[in-house]
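Everything numeric here is computed off the predicted structure, so don't read it as measured data. Per chain, numbering begins at 1; letters A, B, ... match sequence-line order.
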Amino acid sequence: MTSAQIEIQLIASVVAVACAIPGTFLVLRKMALISDAISHSILPGLVIGFFITHDLSSPLLIILAALSGLVTVILVEFIQKTGLVKEDTAIGLVFPALFSIGIILIAKNANDVHLDVDAVLLGELAFAPFDRLLVDGIDFGPKSLWIIGSILTITVVLLMAFFKELKVSTFDAGLATALGFSPAVLHYGLMSVASVTTVGAFDAVGAILVVALMIAPAATAYLLTNDLKKMLFLSIGFGVLSAISGYWLAHWLDASISGSMTTVLGVLFLLVYLFAPNRGLLSVLYRNKQQRLEVSLLTFLLHLNNHSEVEERHINHLNEHINWQKVRSKSVVDLALKNNMITIDDSIISLTEKGTSFTNKAIDYIITNDDTGIESMKEDFFLFRG
Amino acid sequence: MENKKLAVSVDDLTVAYNYKPVLWDIDLAIPEGVLMAIVGPNGAGKSTLIKSILGIINPIAGSISIYGKPYDEQRKLVAYVPQKGSVDWDFPTTALDVVKMGTYGSLGWIKRPRQKEKKAALEALEKVGMLAFKDRQISQLSGGQQQRIFLARALVQNASIYFMDEPFQGVDATTEIAIINILKELRKSGKTVIVVHHDLQTVPEYFDWVTFLNVKKIATGPVKDIFNDDNLTKTYGINYKVSVQQ
């Protein structure tokens with residue numbers, strides 16, 4: 001690997017981490033779309049900042065751009081509060097307006113400079129190592145690494161300081177208010193971080209892909225865990241994974257780095273969506289199938305419990321008595337045998353002690369909905385997991 | 001009663017949503033140590049009243065005091081159980097963690113919950129009979145269990161005044177009895193409990209104090225004195241006849 005390659009992967013990874021942190025909270029607050037709005041509407045701030053400083057990485061430019069991101073949030077809320085339109089409509093009204101102001105400003109004034117619409121929309125990570133931070137002629141590495149690195153540092157410090165406040169105000173804004181943690185302060189704090197991060201990431205990955213880096217890792221992590229801290233770490237992990245493997249995918253395909261990173265994110269989400277242990281599509285399908293089987297098992301056990309007469313318990317008469325297909329009867333009988341709930345003696349099925357007690361407990365649970373008696377059965381049976 | 005301290009006093013409170021008043025010039029004095037129901041039809045402003053007292057909604061007029069001082073200074077004396085439907089139960093967190101949130105108020109900004117807070121949260125979970133479910137993800141709990149978690153979160157605040165917004169909504173009979181027993185215990189230990197309540201039949205059995213509300217305050221006082229057909233009719237607007245068993 002050349003040093004430029006390492007630098008690109010490093011920048012991409014830092015960008016991914018910086019995006020994943022506010023992104024996690026945006027996803028939990030059901031505000032994913034606001035990141036899309038911010039990423040577009042920082043454009044006028046960016047352009048005005050560029051006219052003043054003529055430097056795409058000046059702090060003033062970052063501040064101005066982040067401010068126009070905040071203006072978006074405030075305008076969206078203002079329009080929404082009028083009660084005339086809903087939030088999604090308000091977002092759809094605000095950001096194209098601000099974005100188009102930026103486009104007009106670029107077209108009018110910046111035709112000759114390095115600030116074109118393509119660069120704004122897509123960014124170009126491959127050029128990042130060429131813009132160096134030089135102090136007294138000493139090379140301190142790529143400028144964009146310093147910018148996004150500082151943003152990430154601030155984000156991490158804020159996250160560690162205000163983790164509990166962010167958590168409670170995201171989960172229960174009413175309680176947060178009552179406890180004295182102003183949700184408005186936390187909301188605008190989070191929005192400021194999201195705006196600043198967007199601006200910092202913008203140069204590297206462009207306006208459209210910033211959104212992917214904020215939302216996709218968090219959405220993927222959400223499918224895998226029930227713990228906010230783990231969700232944060234997982235989304236950071238997915239971000240970094242997509243940054244590095246995205247880089248090599250781009251290298252191999254000779255294609256856009258940011259495009260490849262986003263593609264990896266999409267594939268990661270798809271894989272997790274399909275294969276996640278609890279919420280994944282396959283596991284849900286499997287669970288539904290098992291639950292159907294377990295209901296049949298219970299019906300079957302109940303039948304045995306209710307009938308002592310031999311002809312009702314003959315294995316070959318099961319089909320006509322409970323009116324099931326052969327395959328289903330067989331899988332039910334197999335499941336019951338596997339769990340030692342029945343014995344088959346000369347083609348006559350009888351409940352074992354375990355089978356009787358299981359049936360009684362299950363009926364109790366279904367009638368009373370009190371699940372203290374069946375705690376131990378939850379491990380083996382989906383049916384009792386609520 | 002005159003010698004009793006006032007836990008909460010509300011003076012000339014008016015609250016409006018989009019210029020439409022939902023609470024109109026409310027005066028309310030809640031003595032210390034009562035278990036009070038707030039009753040009234042839908043849209044009467046019951047939840048709004050609680051939220052205004054807790055500073056969650058800004059009134060357009062009036063003032064509120066908790067033991068004679070503004071709410072901001074008395075935050076730690078007050079615990080709040082919001083309506084169950086007011087939060088996202090798919091949030092990635094456990095029962096224990098939700099209960100721990102009750103300790104955040106006494107911690108203040110930045111400081112994190114430690115062993116002491118965890119211990120308090122576990123004790124509160126035990127009180128509501130939910131200790132076995134402490135590591136359960138909150139979406140995996142039944143409606144009644146979720147309500148108990150919310151109650152535990154309020155208990156852990158160890159407050160003097162408890163506000164609860166419809167704690168019996170969507171819970172089964174066992175949970176309802178468990179909750180009311182805890183509320184009665186709170187009253188016994190001298191706490192003040194204020195509950196937005198819907199089921200008029202159970203008012204005399206559960207509560208010793210009641211406030212009738214319908215945008216305006218209709219009446220407030222001991223259940224045995226004022227819980228009658230007259231006030232019910234005034235509040236609900238129709239000729240209300242519940243056979244009140246005293």
Side-chain angles (χ1 to χ4, degrees), chain A residues 24-25 27-30 81-84 157-186 189 218 221-235 278-279 368-372 375-376 378 384-386, chain B residues 17-18 47 50-51 53-57 71-73 75-76 78-83 86-94 97-98 100-113 117 129 132-133 135-142 144-145 150 153-154 157 159 163 165 172 174-175:
Chain A
T24 299
F25 287 99
V27 165
L28 288 176
R29 286 166 174 247
K30 302 180 176 62
K81 270 199 188 128
T82 61
L84 299 172
V157 169
L158 288 173
L159 175 71
M160 300 218 295
F162 299 112
F163 179 73
K164 118 176 164 283
E165 289 79 1
L166 272 168
K167 181 163 76 177
V168 67
S169 76
T170 302
F171 175 61
D172 189 344
L175 180 79
T177 315
L179 293 178
F181 306 115
S182 160
V185 169
L186 290 158
Y222 182 70
L223 296 181
L224 287 172
T225 178
N226 291 327
D227 179 324
L228 179 55
K229 273 186 196 151
K230 282 186 198 143
M231 182 174 165
L232 272 166
F233 284 120
L234 276 174
S235 37
N278 288 316
R279 296 183 201 163
T368 62
N369 211 17
D370 174 11
D371 62 0
T372 39
E375 251 344 284
S376 59
K378 286 189 178 177
F384 305 117
R385 292 188 204 167
Chain B
Y17 292 139
N18 295 323
S47 297
I50 286 192
K51 287 182 184 162
I53 296 173
L54 295 165
I56 297 170
I57 291 174
Y71 175 73
D72 280 348
E73 294 171 32
R75 236 181 256 291
K76 286 177 188 171
V78 178
Y80 169 48
V81 179
Q83 278 186 27
S86 67
V87 304
D88 173 14
W89 290 96
D90 284 325
F91 193 84
T93 191
T94 60
D97 212 36
V98 171
K100 262 201 244 167
M101 288 180 191
T103 66
Y104 289 5
S106 62
L107 286 167
W109 287 87
I110 297 177
K111 262 205 258 164
R112 288 188 216 181
E117 282 75 24
F133 299 88
D135 297 319
R136 191 73 69 88
Q137 208 275 327
I138 50 172
S139 65
Q140 307 288 315
L141 299 168
S142 70
Q145 291 171 333
F150 260 12
R153 189 178 71 177
Q157 289 179 252
F163 289 94
D165 205 343
D172 55 25
T174 333
T175 303

ask   = So what's closer than 4.5 Å to chain B heavy atoms on A:F162: side chain, backbone, both or neither?
value = side chain

ask   = If you count heavy-atom pairs under 4.5 Å between each of B:G105, B:G55, B:P92 and chain A, which one has the most?
value = B:P92

inquiry  = Tell me the closest heavy-atom pair linking B:P82 and B:R153, and the distance in Å.
reply    = CD-NH2, 3.4 Å

Pairs of heavy atoms under 4.5 Å with chain A: top-ranked of B:M101, B:R112, B:Q157 = B:M101

query = Residues in ring-ring contact (aromatic ring centres under 6.0 Å, His included) with B:F150, at least two apart?
reply = B:W89

request  = Let me know if A:L186 has heavy atoms under 4.5 Å from chain B in its side chain, its backbone, both or neither.
outcome  = side chain

inquiry  = If I measure from the heavy atoms of chain B, does A:S182 come under 4.5 Å with its side chain, its backbone, both, or neither?
reply    = backbone

remark   = A:T225 and A:D227 have their tightest heavy-atom pair at OG1-N, 3.0 Å

query = Is any side-chain heavy atom of A:L159 less than 4.5 Å from a side-chain heavy atom of A:L232?
reply = yes

ask   = Looking at B:K111, B:K51, B:K76, which one has more heavy-atom pairs under 4.5 Å with chain A than the rest?
value = B:K111

remark   = Sorted by chain and number, sequence neighbours left out, ring-ring contact (aromatic ring centres under 6.0 Å, His included) with A:Y222 holds for none

request  = Please work out whether the ring planes of B:F91 and A:F171 are parallel, tilted or perpendicular, with thresholds of 30° and 60°.
outcome  = tilted

task = Mind ranking A:D172, A:T170, A:V168 by heavy-atom pairs under 4.5 Å with chain B and telling me who comes out on top?
result = A:D172

Structural part of A:K167 lying under 4.5 Å from a heavy atom of chain B = both

Interface moiety of B:D90 toward chain A, non-hydrogen atoms closer than 4.5 Å = both

query = Which answer fits B:I57, side chain, backbone, both or neither, if we ask what part of it has an atom under 4.5 Å from a heavy atom of chain A?
reply = neither

inquiry  = Whether the B:D172 and B:T175 side chains hold a donor-acceptor pair (N or O, under 3.5 Å, no angle test) is what I'd like checked.
reply    = yes

ask   = Any idea which of B:G108, B:G102, B:P113 has the most non-hydrogen atom pairs under 4.5 angstrom with chain A?
value = B:G108

remark   = Turns out that what part of B:V98 lies under 4.5 Å from chain A's heavy atoms comes down to side chain

request  = State, without any angle test, whether B:D165 and B:S47 hold a side-chain donor-acceptor pair at a distance under 3.5 Å.
outcome  = yes

query = Does any heavy atom of chain A fall under 4.5 Å from the side chain of B:F163, the backbone, both, or neither of them?
reply = neither

ask   = chain A: which of B:D88, B:L54, B:V81 shares the most heavy-atom pairs with it under 4.5 Å?
value = B:D88

remark   = Rounded to the nearest 0.5 Å, the CG atom of A:L179 sits from the OG atom of B:S106 at a distance of 9.0 Å

